[in-house]
Asker: 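The structure is given below, and queries will be raised subsequently.
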Amino acid sequence: MTPALQPRSPRPRPRRRSRVASAAAAPSRTVPPPTGSRSRPPRQRPAAASPGTPPPARSPRTAPRATPQVKVLRPQPYPDPLWLKGLTALQQTSGVVAFVVGGLAIGFYASTVHAQQQWGRAYRNLENLQRQEAQLTSAHEMLRQQFAQEAELPQSGLVPPSPDTVLFLETATPRPAPPPLPDPPVSGQSYPAGY
């Protein structure tokens, strides 16, 4: 015969009261417990109460337990030291300065790129104008050469210059000088001579 196997159930552990709760619930004992013997001291029976006397006070063991009050401890805020405040202010100002310097750098870069683009356009325009000037100069010289060659031909009807065909003009009589213009009225304001 085999014994029946029964599952083990965990034994409930007795609750341990914290020292604070037990100290708050039970007042301090005036009589120390005996150290040598394990036997309990004999209980004292209360004497018969007379009709005019108040009822005897309860013993500490039979007194109702007081519920412990839980207090939430919050840490007190300490003021920051001066060096930490200085470092915080330095961090904030350095962030603002870095933002401003970055904006200025981006603006300077954009203006430099824009100036380079404008200079490139102006330089290409200058090269085109110089090329057109060279073409116009060569065309002008070609026309002068062509007119000179056509003038030398006999059927053109042009006569070479000679002293007989030169016209002399007499000088005209000089004209009188115009009268000077009147000066404008001078106001109270005076302007510098350089302007």
Asker: Could you tell me which residues satisfy side chain to side chain donor-acceptor pair (under 3.5 Å) with S162, sequence neighbours excluded, listed by chain and number?
Answerer: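 Here the qualifying residues are T165.
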Asker: Mind checking who shares a hydrophobic cluster with L129, ILVMFWY linked at side-chain heavy-atom distances under 4.5 Å?
Answerer: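 Traced through the cluster, L129 reaches no other member.
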Asker: Rounded to the nearest 0.5 Å, how far does OG1 of T137 lie from CE of M142?
Answerer: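 Spacing of CE (M142) from OG1 (T137) equals 13.0 Å.
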Asker: Who passes side-chain contact (heavy atoms from CB on, under 4.5 Å) against R144, sequence neighbours left out?
Answerer: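 For R144, the residues satisfying side-chain contact (heavy atoms from CB on, under 4.5 Å) (neighbours in sequence not counted) are H140, E141.
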Asker: Working to the nearest 0.5 Å, report the span between CG of L136 and CG of L143.
Answerer: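 These two atoms lie 10.5 Å from each other.
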Asker: Rounded to the nearest 0.5 Å, what separates atom OG in S94 from atom CG in L87?
Answerer: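 S94 atom OG to L87 atom CG measures 10.0 Å (nearest 0.5 Å).
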Asker: Of T88, L90, V96, which is the lone residue that meets side chain to side chain contact (heavy atoms under 4.5 Å, CB included) with Q92?
Answerer: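 With Q92 as partner, T88, L90, V96 yield a single side chain to side chain contact (heavy atoms under 4.5 Å, CB included), made by T88.
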Asker: Hydrophobic clusters join Ile, Leu, Val, Met, Phe, Trp and Tyr when side-chain heavy atoms are under 4.5 Å apart, directly or via other members; which others share one with V97?
Answerer: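 Besides V97, the cluster holds V101.
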Asker: H114: what forms a side chain to side chain donor-acceptor pair (under 3.5 Å) with it, not counting sequence neighbours?
Answerer: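 Partners of H114 under the side chain to side chain donor-acceptor pair (under 3.5 Å) test: Q118.
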Asker: Tell me, please, which residues at least two apart from Y123 pass side chain to side chain donor-acceptor pair (under 3.5 Å).
Answerer: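 E127.
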Asker: Among residues two or more places apart or on two chains, list those pairs meeting ring-ring contact (aromatic ring centres under 6.0 Å, His included) that have a residue in residues 78-109.
Answerer: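 Qualifying pairs: none.
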Asker: List in chain and number order the residues that pass side chain to side chain donor-acceptor pair (under 3.5 Å) with N128, two or more places apart in sequence or in another chain; answer none if no residue qualifies.
Answerer: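 Expected list: R131.
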Asker: Please set out all donor-acceptor pairs under 3.5 angstrom arising from side-chain atoms of residues 69-77, sequence neighbours excluded.
Answerer:
none

Asker: Could you pull out all residues at least two apart from Q116 that satisfy side-chain contact (heavy atoms from CB on, under 4.5 Å)?
Answerer: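 Q116: side-chain contact (heavy atoms from CB on, under 4.5 Å) contacts with T112.
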Asker: Return yes when atom CG of L82 has more than 12 non-hydrogen atoms of other residues, nucleotides or ligands closer than 6.0 Å, and no otherwise.
Answerer: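 Not more than 12 within 6.0 Å, no.
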Asker: Other than F168, what residues sit in its cluster of Ile, Leu, Val, Met, Phe, Trp and Tyr side chains whose heavy atoms are under 4.5 Å apart, directly or through others?
Answerer: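 Listed partners: V166.
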